[in-house]
Amino acid sequence: MEARCDSGSLHDRNRSGDGSERGRLSCLVRLGCCGRHLSPATHVQAVYAVRAVRWAARMVPARWAYLKQSAAAALLLASAGRRAEWRHGVATDPVRLHAWITDQQDRPVDAAS
């Protein structure tokens with residue numbers, strides 16, 4: 001079975017119906033690739049999306065880490081018919097997880113820019 005980004009169904013055509021890990025991963029790959037047809041967001045659009053998400057996060061009585069903020073900004077852009085590249089990484093000593101979106105030139109987008 002091959003997981004590809006195509007315009008096919010989100011359901012794995014090779015699934016045996018048992019809900020196997022292989023079938024679910026293939027479905028997630030297709031779901032993650034479904035926004036590839038959207039036009040890339042400009043730097044300004046991406047900055048506004050990040051600012052909007054951070055502003056809204058202040059109203060939520062919970063901790064909104066970068067992973068949630070970057071995913072929400074990417075979804076906000078997708079709902080407007082634009083896409084941003086989502087990145088994540090790990091730093092060591094101490095271990096820290098980080099996530100962000102990038103613009104068309106692969107530059108990290110920060111609301112302060």
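Across Pro108 and Trp100, no two heavy atoms sit closer than the pair CB-CD1, 3.9 Å. In terms of heavy atoms, Leu77 sits closest to Ala49 at CG-CB, 3.7 Å. Nearest heavy atoms, Pro40 versus Arg82: O-NH1, 3.4 Å. The two residues Gln104 and Ala41 make their nearest non-hydrogen contact at CG-O, 3.4 Å.
Within a 6.0 Å radius of NE2 in His88, other residues, nucleotides and ligands contribute 12 heavy atoms or fewer. In this structure, Arg96 places its CZ atom where more than 12 heavy-atom neighbours from other residues, nucleotides or ligands lie under 6.0 Å away.
With side-chain heavy atoms closer than 4.5 Å counting as contact, directly or through intermediates, the hydrophobic cluster containing Val53 also holds Val60, Trp64, Leu76. Chaining together hydrophobic side chains whose heavy atoms lie under 4.5 Å apart leaves Leu75 on its own.
In this structure the side chain of Val90 reaches within 4.5 angstrom of the side chain of Val95, judged on heavy atoms. Counting only heavy atoms from C-beta outward, the side chains of Val50 and Ile101 approach each other to under 4.5 Å. Arg107 places a side-chain heavy atom less than 4.5 Å from the side chain of His43.
Applying the side chain to side chain contact (heavy atoms under 4.5 Å, CB included) rule to Leu38 yields the partners Ala78, Arg83; only residues at least two apart in sequence or on another chain are considered. With sequence neighbours excluded, the residues forming a side chain to side chain contact (heavy atoms under 4.5 Å, CB included) with Arg58 are Trp55, listed by chain and number. Scored by the side-chain hydrogen bond (donor to acceptor under 3.5 Å, both in side chains) test, Arg87 finds Asp106 as partners (sequence neighbours excluded). Trp86 is linked by a side-chain hydrogen bond (donor to acceptor under 3.5 Å, both in side chains) to Ser70, counting only residues two or more places apart in sequence or in another chain.
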Exercise for the section: Take Asp110 and Arg51 through the salt bridge (Lys or Arg N to Asp or Glu O under 4.0 Å) test and state the conclusion after the steps. Expected result: CA-CA 8 Å; Asp110 187 20; Arg51 284 181 184 169; over 6 Å; no
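Atom NE2 of residue His98 and atom CG of residue Leu67 lie 10.5 Å apart, to the nearest 0.5 angstrom.
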